[in-house]
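Structure first, then comments.
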Amino acid sequence: MGDLFWNKVFGALLAVVLVVMGLQTLSGMVFSSGEGGHHGEEDHSLNEWAQSRFAYYTEIAETGGAGAAEEEVYDLGALLAAADPTSGERAFKAKCSTCHTIEQGGANGTGPNLHAIIGASHAHSASFGYSSAMQATSGEVWNYENIDAWLENPSSYIRGTSMAFAGLRRDDERADVIAYLAQNTPGAPAFPEPLPEEEEGAEGEAPAEGEATEGDAVDATLDAEAVEDAPTQATGEIETQDVVNDQDSVAEGNVSEVELAPEAEEAEAASETEE
């Protein structure tokens, strides 16, 4: 009876030890996996991480770093050239008209009237109470570039401005609104020109249609020389053929049809004289 009791106690203790060891192993696997993934992202590339853990894996195309694609150049001129003032009017009424008016002689609201704003100076309306941050920039003029930056994020363009507006983050929508502002600015300056396209004929590009390359020029020169040599070659072929025909005639006994050379004629004349 006593032995059975102690066997049960020993079995219970052994079970507890096995459970504790199993929990430690499981937690170690979970946390080591998480830490490994975290440090793998910081210290190693994804391909190196996969290579260290798997015998077979598919390489992952990595982005960023020196091999990343060049950032696209922002072209305000191209955006404004494709802008639609009608769409800009709708966006203005939906997002700007609660604070601003735009018609000539319109009253100020929470913000100043924006008629003829393009080319006007910052803090242009004498009847509106601007923030000190805007007044500090009153010597600057609203052109297409800085009004684009202002509409994108007012608080970032002028720190401390009282204009509580998140901004128009979509490039095309912002360009439409600027085109609408320009439409309501008498004598507005022309839009900036789009950025020039990349020069044609850059290294590695195929030549344009009809454009000769250096190799084409060399081939053309060789073709011209071949054409010049063609008559000479043709003459040589004709002379060779005449000789072959003459030899065939002699072989057949048609000596009378073969023209004799001048030396042969003189020898024949001398022989007749001696006779």
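Position 1 is the first residue of the sequence; numbering continues from there.
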Less than 4.5 Å apart, any side-chain heavy atom of [X] and any of [Y]?
| X | Y | result |
| --- | --- | --- |
| F165 | S155 | no |
| S162 | Y130 | no |
| T110 | T98 | no |
| V177 | K95 | no |
| Y74 | D148 | yes |
| P112 | H100 | yes |
| C99 | M163 | no |

Q: Indicate whether the side chain of N108 and that of S127 have a donor and an acceptor atom separated by less than 3.5 Å.
A: yes
Judged by atom type as modelled, is there a donor-acceptor pair below 3.5 Å linking the side chain of [X] to the main-chain atoms of [Y]?
| X | Y | result |
| --- | --- | --- |
| D75 | L195 | yes |
| S138 | Q135 | yes |
| D176 | D84 | yes |
| N184 | Y180 | yes |
| T137 | M134 | yes |
| T101 | A107 | yes |

(Q) Return the CD to CG distance between E173 and L151, rounded to the nearest 0.5 Å. (A) 10.0 Å
Q: Decide if atom CD of E193 counts as having more than 12 heavy atoms of other residues, nucleotides or ligands within a radius under 6.0 Å.
A: no
Q) Should the heavy atoms of other residues, nucleotides or ligands under 6.0 Å from CD of E103 be counted, would the total exceed 12? A) yes
Q. Is the H122 ring parallel, tilted or perpendicular to the Y157 ring (thresholds 30°, 60°)?
A. perpendicular
